[in-house]
Amino acid sequence: MSPRTSPARPQRLKEPLAPKMAASLPTAGLLEHDLEDDGVYRSLEFRGSDLSSRDADAVEFEACRFVDTRFSGTKMRRGGFSNVELERCDLSGMAARSASMHRTLVSASRLTGMTWSECGFKDVTFDSCRADLTAFRFSTFKNVVFRDCSMPEINFQNADLRGVRFERCNLTEAQFSGAQMEGARFADCVLLKIGGVTSLRGVIIKSQDAQGLVYSLASAMGITIEE
């Protein structure tokens, strides 16, 4: 008589580490806390601040909170966000290269047309963000979640997305050419007209999401689907 075995429990997915900061932070003022090269900003709250159209090198933010803050059109090289919260912020058109985010929560923010190339993201959550036409080319993601985000035409070309989770996201016409995708998960996402669909080798996907990939896969394989 064979021993009885219990059904396997569903794997509990690991959440990104939450930012660590004080509950109450002193308010930053632009006169003394405007962006400048090699600037280091620690334990500050930027609320309603306008940091748009700046050009700064090697800026570091540590244990800071940004609420209703604008970074639109700002250019940043080798910048860093560590233990940071960005809530209802505008990062549209922001351009960063060789920058990083660590233990960061980005929520209800606008990322339209943002370009973060050759950057590193570790323990980051993007929640309820608008990220259409955003580009993360050649960037590396570790323990990152995109949740309830609108991301049509987002570009992950040659990015390392191994283990990243996409939950309830609109990824229509997203570009994944050359991306590393092993272990990435898609749940309740829109996956129509995906570019670079052959890079999705090794991903984990819910059955209903897979239906949206049929036409993209057929196109990549030279298959014509007739009605």
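What you are looking at is a predicted structure, and each value in this text was computed from that prediction instead of being measured.
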Applying salt bridge (Lys or Arg N to Asp or Glu O under 4.0 Å), can you list everything that pairs with R110, at least two apart in sequence or on another chain?
none
Would a distance-only check, ignoring hydrogens and angles, find a side-chain to backbone donor-acceptor pair under 3.5 Å from E15 to L17?
no
Quick one, F66 with F81, criterion side-chain contact (heavy atoms from CB on, under 4.5 Å). Give me CA distance, side-chain angles, the key distance, then yes/no.
CA-CA 11 Å; F66 297 88; F81 293 78; 4.2 Å; yes
Hey, is the main chain of E87 close enough, under 3.5 Å, to the side chain of S107 for a donor-acceptor pair?
no
Quick one: sort the F61 and F71 rings into parallel, tilted or perpendicular, breaks at 30° and 60°.
perpendicular
Is there a side-chain contact between L91 and L111 in this structure, where contact means two heavy atoms from C-beta onward sitting under 4.5 Å apart?
yes
If you define the side chain from C-beta out and look only at heavy atoms, does anything of K122 sit under 4.5 Å from M101?
no
Atom SG in C149, atom CZ in F126: separation rounded to 0.5 Å?
8.0 Å
Going by heavy atoms in the side chains, are T74 and L35 under 4.5 Å from each other?
yes
Between the side chain of S43 and the main-chain N/O of P26, is any donor-acceptor distance below 3.5 Å?
no
Under 30°, 30 to 60°, or over 60°: which ring-plane class applies to F176 and F156, parallel, tilted or perpendicular?
parallel
Would you compute the distance between atom CG of L86 and atom CG of D68 and round it to the nearest 0.5 angstrom?
11.5 Å
Is there a side-chain contact between V84 and R65, using heavy atoms and a 4.5 Å cut-off?
no
Heavy atoms only: give me the nearest S139-E118 pair and the separation to one decimal.
OG-N, 3.4 Å
Is a side-chain N or O of R70 found less than 3.5 angstrom from the main chain of S53, in a donor-acceptor match?
no
Are L105 and M21 connected, step by step, through hydrophobic side chains (Ile, Leu, Val, Met, Phe, Trp, Tyr) whose heavy atoms are closer than 4.5 Å?
no
In Å and rounded to the nearest 0.5 Å, what is the OG to NE2 distance from S82 to H102?
6.0 Å
Stepwise side-chain contact (heavy atoms from CB on, under 4.5 Å) check, Q175 with I154:
CA-CA 6 Å; Q175 178 59 254; I154 195 167; over 6 Å; no
What are the two closest non-hydrogen atoms of C119 and A96, and how far apart are they?
SG-O, 3.8 Å
Taking side chain as C-beta onward, heavy atoms only, is F46 less than 4.5 Å from H33?
yes
Between A131 and T134, the two heavy atoms sitting closest are O-OG1, 3.1 Å
Is any NZ, NE, NH1 or NH2 atom of the basic residue among R78 and D57 found under 4.0 Å from an Asp or Glu carboxylate oxygen of the other?
yes
Verify the distance criterion only: is there a donor paired with an acceptor across the side chains of N170 and S150 at less than 3.5 Å?
no
Looking at R54 and D34, does any basic side-chain N land under 4.0 Å from a carboxylate oxygen?
yes
Kindly compute the distance separating CZ (R42) from CG (N83), expressed to the nearest 0.5 Å.
12.0 Å
Which pair of heavy atoms, one from G79 and one from E60, lies closest together, and at what distance?
C-OE2, 4.2 Å
List the steps, then state whether side-chain contact (heavy atoms from CB on, under 4.5 Å) holds for M76 with M94.
CA-CA 8 Å; M76 184 179 297; M94 183 181 183; 3.7 Å; yes
Looking only at heavy atoms, what is the nearest atom pair of C169 and F146, with distance?
SG-O, 3.3 Å
Taking Y41 as the starting point, is it possible to reach L51 by hopping between hydrophobic residues whose side chains are less than 4.5 Å apart?
yes
Treat each ILVMFWY residue as a node, draw an edge where side-chain heavy atoms are under 4.5 Å apart, and state whether L171 and I205 are in one component.
yes
Could you please spell out the steps behind the side-chain contact (heavy atoms from CB on, under 4.5 Å) verdict for F166 and M151?
CA-CA 10 Å; F166 298 91; M151 310 163 69; 4.0 Å; yes
Less than 4.0 angstrom from a charged side-chain N to a carboxylate O is my criterion; do D127 and R147 meet it?
no
Can you check whether R88 reaches V67 side chain to side chain, under 4.5 Å on heavy atoms?
yes
Where the side chain of S109 meets the backbone of C89, is there a donor-acceptor pair that is under 3.5 Å apart?
yes
Quick one: are P152 and E173 in side-chain contact, heavy atoms under 4.5 Å?
no
Find out whether R103 and K20 are in side-chain contact, i.e. whether some heavy atom of one side chain is under 4.5 Å from a heavy atom of the other.
yes
Rounded to the nearest 0.5 Å, how far apart are CD1 of I194 and OG1 of T172?
7.0 Å
Single-linkage hydrophobic cluster, 4.5 Å side-chain cutoff, V145 and F136 together:
no
Expected output: side-chain S92 to main-chain T112 donor-acceptor under 3.5 Å:
no
Name all pairs fulfilling the salt bridge (charged side-chain N to carboxylate O under 4.0 Å, His left out) condition that reach into residues 148-164, sequence neighbours left out, sorted by first residue then second.
D148-R168, D160-R162
L200 side, atom CG; L191 side, atom CG - distance, nearest 0.5 Å:
7.5 Å
Between T69 and R47, the two heavy atoms sitting closest are OG1-N, 4.2 Å
